[in-house]
Amino acid sequence: MKFFIDTANLAQIKEAQALGVLDGVTTNPSLMAKEGITGKNNILKHYVDICNLVHGDVSAEVNAMDFEGMVKEGEELAELHEQIVVKLPMTKEGVMAAKYFSEKGIRTNVTLVFSAGQALLAAKAGATYVSPFIGRLDDISTDGLALIEEIRLIYDNYGYETQILAASVRHTMHIVNCAKIGADVMTGPLSAIEGLLKHPLTDNGLAQFIADFEKGNK
């Protein structure tokens, strides 16, 4: 499973990259605003800065809601760097844009997916990635992981190459369970990724090793 980090914070991206397990980055307008990055030119420059930090795909989201606007913005984003994946909303216009870009050889990530039917449409349109938001489904007492399972089954039934990018990942068990049921990619905060490192028996074992070493060198 690929590990993406969901942020626009360059320091966190560097830290995740240094860990040696990072495969890409996802961003959105809200994450850009959180880092105080505003204005078109600053946002475009920031995408390039992110691409220069990582070796994998970087999802860059369009702001337009109409087909023509999505095409214009998406083409501009794709020209920024070869690692850019154009992020599109799961709307009628977004699906149309995904089809347009797939025919042009431009990779896409269809986001804000909350049903298997939406994921099926995105795959048929040729999306590179589809992003079901499992955490937000959990927030409304709906099983986000069950959606991943449904999409996996449908894609495997028909051989769709669209990758399932589990988004809105909140914690370590989201990551582990997504891996168990076959998500191709997860994207979440650095804290969730680093949480996989932790186990009390590892900590206790290391503490014992260090104590025994110090005793033997007195």
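Closest approach of Leu80 to Tyr47, counting heavy atoms only: CD1-CB, 4.1 Å.
Looking only at distances, a side-chain donor or acceptor of Glu73 sits under 3.5 Å from a matching main-chain atom of Asn63. Between the side chain of Gln83 and the backbone N or O of Val54 there is at least one donor-acceptor pair closer than 3.5 Å. Side chain of His171 to main chain of His174: a donor-acceptor pair is present (N/O by atom type, distance under 3.5 Å, no hydrogens or angles). With hydrogens and angles ignored, the 3.5 Å screen pairs no side-chain donor or acceptor of Tyr155 with any backbone N or O of Glu150.
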- After noting the C-alpha distance and the side-chain angles of Val25 and Ile13, does the key distance pass the side-chain contact (heavy atoms from CB on, under 4.5 Å) rule? CA-CA 8 Å; Val25 177; Ile13 294 169; 4.1 Å; yes
- Could you go through the side-chain hydrogen bond (donor to acceptor under 3.5 Å, both in side chains) check for Thr26 and Thr187 one step at a time? CA-CA 7 Å; Thr26 56; Thr187 188; 2.6 Å; yes
- Ser102 and Thr108: side-chain contact (heavy atoms from CB on, under 4.5 Å), yes or no, with the steps? CA-CA 8 Å; Ser102 69; Thr108 57; 5.9 Å; no
- Task: With side-chain contact (heavy atoms from CB on, under 4.5 Å) as the test, would you mind laying out the steps for Met186 and Ile164 before giving the verdict?
- Result: CA-CA 8 Å; Met186 62 70 55; Ile164 303 171; over 6 Å; no
- Using the side-chain contact (heavy atoms from CB on, under 4.5 Å) rule, take Leu22 and Ile5 through it: C-alpha gap first, then chi angles, then the decisive distance, then the call. CA-CA 7 Å; Leu22 189 66; Ile5 186 171; 3.8 Å; yes
Can you list, pair by pair, the side-chain donor-acceptor contacts under 3.5 Å of residues 87-100, counting residues two or more places apart and other chains?
unit_1 : atom_1 : unit_2 : atom_2 : d
Lys87  : NZ     : Thr27  : O      : 2.9
Thr91  : OG1    : Gly94  : N      : 2.9
Tyr100 : OH     : Glu75  : OE2    : 2.7

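When the salt bridge (charged side-chain N to carboxylate O under 4.0 Å, His left out) test is applied to Lys40, the partners found at least two apart in sequence or on another chain are Glu76. Here Arg107 pairs with Asp57 under the salt bridge (charged side-chain N to carboxylate O under 4.0 Å, His left out) rule; sequence neighbours left out.
Using the six-membered ring where Trp is involved, Tyr129 and Phe4 have ring planes that are perpendicular, over 60° apart on the 30 and 60° scheme.
No salt bridge links Asp66 with Lys72; every basic N to acidic carboxylate O contact stays at or beyond 4.0 Å.
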